[in-house]
Structures are given as structure tokens and as C-alpha cells.
Participant: 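I'd like to ask some things about the structure below.
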Amino acid sequence: MDRREFLKLSAIAPVVGSALLLPRVVGARGIPAESMGGRPMGLCYQGPPTGSIASTLKDLFKIGPGPSSSHTVAPIRIASNFRATVAALPVDQLAQAERIEVTLFGSLSATGKGHRTDRALLAGLLGQQPETCDTALMDALQDTTQVRTTQIGGKQFRLSGDTIVWDRGDHAFPYANTLIMRLLAGDGTSIFAREYYSTGGGFYTWKGEPPPDRGQPVHRFGSMTELKQAAAASGLPLHQIMLDNEMAIMGVSEQAVNDHLDLVIDTMDRGVTLGLTEEGLLPGPFAFYRKAKRINEKAVADGGDGFMGELSSFALAVAEGNAAGRLAVTAPTLGSAGTMPAVLYTLNHRLQIPRAAVRQGLMAAGAVGLICKTNASVAGAEMGCQAEIGVASSMAAALLAYATGAPLDVTENAATIALEHHLGMTCDPVGGFVLIPCIERNAFGAVKAYNAWLIAKNEIASQHWEDLDRVIAAMADAGRAMPARLREMGTGGLGVTMVEC
Ligand code: SF4
């Protein structure tokens, strides 16, 4: 059973037909059906999924150029993978090759121009990597009439705008963001092809990809319920569980994990600092002006009452930089890259939290992001903006809570509250550009995260009904019910109402 089928069957299912029932994990708290006069329509929650998350903090927190992790960062990584695969083909096969063609489907095709997908693919084919990507080259690649050449496996290939084929939006592939890369002979015969899927947050896979050659996690968990059980059984704090797993799966030292977390913290912090100095128009088909600097100045002038404005300005600063194609961190995506840095910047500069505690907060945020990705999605094209800004807000709330010393139950409550109040939010970027509504949504994600933390730390934690796994299951349910046109196609919601007839 694949992940999609599992999600369809597991999260919310009729009680009748017990073949669908999954083992209930002890510790999950729900409202007794009897107290509500029975189960509504015979439906109820079937318990959190069980499993073992094998993705890591390094997988989750990736650095790359904006504006989109699924439409920009993943395509660079995909093109880079294709380039390396082609370079390793047998010499006689490579000798017949004349050109490379990339065909885009779904949201990649519908909104890829606004998300710079074509430029990202060309950059990857030219040998660029997301973390070190030359953003000036990305800007120059806007001119798709220009022909560039690249050497792959000793063979020269010509690349230009016609390397990319914008195919249909609707398709039957298993993932919303699908692209096929082909190596073609002079007569158009396919020599080698690979079907890739961009699965959100800069992650990707391809049809038939073998399981990665990695270590096994020390602590197995597939949900927040299981993570809490692992913490109780081992007596370890959440951040130690995440650290143990990261080192075991990646085969790296604690120092290497901390180095990556520091790079993430510094990139987020720098994104705010830089964004607060910039003004003027952002790239796009309509006049969209930066506002982070102005809002920050006004908020600072307002004194104590201006805190919400300041927090918003931090998020806007990074989101605007991301829209301009700057390097940012997928947290969990680039569309939502401003929400966590706003909270992180507050921890660093306003609350002056020590670096070690911020790193631990980042690990708590990472746990939330990985559980959301595993049991629902972090892709707007799959489950709407609830999966991007909603998850970012949830991660930011966990960061804020854990870095300031909250125990695991309060951290979970903060993450739960933040995600719950984004449920159902659609993805409707105007013109396929990460401008409206994306930039301001980052500010709202940060403000909601802060509010979620305030509620969680001041309530009695054990009296909080909702838990993270139930809210993630609700997000998956809402995401599956969302029509495709409201999932990053640019053909619904504000993507339509903002355009004049
Ligand atoms: S609307 Fe939300 S999910 Fe969609 S592109 Fe913008 S930030 Fe991402």
C-alpha cells in the first residue's frame, strides 16, 4: 500500500468495516463518542500512524534559491541528478545523444514560469547546486532565447528555452508535480528517460528509485504519539532523540549536525537582516513593492505595541528575498520560508536565547515538519497552503516553545494550535508568482505561531484536547478534499479573482 492509499484509509474512516482499523497507539487522547451522543455519521479517528521516519533534519532544512522549494530547488536537484546519471551512461549510449528535453506536468507546468522552474532546470543541467547556486545566473537565465552549452560525460549539449516542454496541467501521474527528463538521439529517439516527482519542500524522488543507502534511526517513530512514547521509554529529551537519529541515519558526528543547524540559523537570520534593508519592486508581471523595511521602521517607532508589526516585518523580509530569488531555507518550503526565520530572529535578538537552545528548538521544529511531511504533505500542490504556511507556523511554534524551555507536551500543544488554525487554507498564487498571497501569509504564519505559543505556555497542558497527530490527519483530510484548482494551479481563489476580465 503506498503512502497515498494509506492516508486515504487510515486517518478518518468509518468504524464499520473494521478491516480498515489500524492498531491504536496508547496515549492518543480523544473525545469519547458517547459524550457527543455517538459518532457523527459513523466516522471517527482511527489512531495515529505507526512507522519509522527515515528523513532527516538535513533533508528538511535545505538551502537554495527562491522562490519555491518544489518548483525551484527540487528542479535544480533533479536536473543535477539527471546530469550525473547521464554522465555515468555507457560511452556508446552517450555517443548517440544529441539533446536533452524536459517535459513538465501539473502544477510545474501551470505555474512553473512564475516559480522559475525552467531556469532552475537549466541551472541544474549547467552544473549548479541549490546551496551554492549563482543567483545572478538564475536571473540571466530569464532570457530563454539565449543558447548555452554544457559538457556532460565529455559530450556537449545545447540548452535554451526549447529544452523545456510545458505540457498539460491535468495528468494521471502519482504526484502533482511531475516532470520527465529525456536524453534524445538526433532523430528524437529516447536513449534514456527518468520520471521525476517533486514531492514538496525541495524533496524529490523518481519512478523506481531504490531505497537510499542510509543508516537506521536509533529511535523509531512515525507520529508525535510515537515520538512521545520514544521519549518516555528512553528518558531522553526530544532534541536528543532527533540528534541520535540524525547521526545514525546520516552517519555523521554531532559536530556535523550542529554545523548544519548553525548554517540554517545563520541563513535565516541573515535573510531577515538583509530583507529589512531593501526596498522597491520585486520581479513579477505586476508592480509588487517590498514593504518589510517600512513596516519594521513603523513598528519600531510604535515601541512596545509594535511587536506584532516587527514580527511580521521579519517574516516579510525573508519572504520578499525569497520572491527575488535569494537563498533561503526550506522551512518546510521556500514559499513559507519567512515564517520560521521571523520567530528565530526574535529568539536571537529580542529574547537573546543562547545558540545551543535555538539549535534544540530547531530540532523540535524539524520533528514537527518531518511528521507533517510523512503523514500528510508539505506541498501546496498536494494539500494547499495549510501544508506550507500551516506547517511552517506549526514548526515555528514548536521552535519558540522548545527553545524557551517548554516541555514536550507544551511544545506539542503549541505546534498543534498553530497548525489547527490554518486548516483548509488553499494555495492560489496569483499568476503563479510567489507574491500574492504568499508573502503576507508568511507574516500571518509567524503571528499565529507566536499566539499559539502564548496559549500553549499559559494553559494547563493536560487539559488541551487536540493533539498534533489528529490535526495532521485533519489536514490530510482537508487536503484530499481540496479541488485541484486550489492547489497551486493558479486557476482558483485569488489566482482568479485578482485578475481583471
Ligand atoms: S499560496 Fe501558500 S502554498 Fe501556495 S505558493 Fe503561496 S505560500 Fe506556497
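Residue indices begin at 1 and follow the sequence shown. Because the structure is a prediction, the values reported are computed rather than measured.
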Participant: With a 6.0 Å cut-off on ring centres, are His239 and Tyr402 close enough?
Facilitator: yes
Participant: If we check ring-ring contact (aromatic ring centres under 6.0 Å, His included) with Tyr197, which of these qualifies: Tyr175, Trp206, Phe105, Phe203?
Facilitator: Tyr175
Participant: Pair up each side-chain donor or acceptor in residues 120-132 with any protein partner under 3.5 Å, not counting sequence neighbours, and list the distances.
Facilitator:
unit_1, atom_1, unit_2, atom_2, d
Gln128, OE1, Asp134, N, 2.9
Gln129, NE2, Ser80, OG, 2.9

Participant: Give a yes or no on whether the backbone of Glu488 and the side-chain of Ser107 come within a donor-acceptor separation of less than 3.5 Å.
Facilitator: yes
Participant: Which pairs, with at least one residue in residues 490-499 and sequence neighbours excluded, count as a side chain to side chain donor-acceptor pair (under 3.5 Å)?
Facilitator: none
Participant: Run the salt-bridge test on Asp259 and Lys58 with the 4.0 Å N-O cut-off and return the result as yes or no.
Facilitator: no
Participant: Is any side-chain heavy atom of Val343 closer than 4.5 Å to a side-chain heavy atom of Thr339?
Facilitator: no
Participant: Which pairs with one or both residues in residues 135-171 pass ring-ring contact (aromatic ring centres under 6.0 Å, His included), sequence neighbours excluded?
Facilitator: His171-Phe173
Participant: Between Glu209 and Lys207, does at least one N-O distance fall below 4.0 Å, as a salt bridge requires?
Facilitator: no
Participant: Hey, are Asp477 and Arg470 close enough for a salt bridge, meaning a charged N less than 4.0 Å from a carboxylate O?
Facilitator: no
Participant: Near Glu278 CD, under 6.0 Å, is it more than 12 heavy atoms from other residues, nucleotides or ligands?
Facilitator: yes
Participant: For Gln142, does the CD atom sit with more than 12 other heavy atoms under 6.0 Å from it, leaving out its own atoms?
Facilitator: no
Participant: Can Ser336 and Thr333 be counted as having a side-chain donor-acceptor contact under 3.5 angstrom?
Facilitator: yes
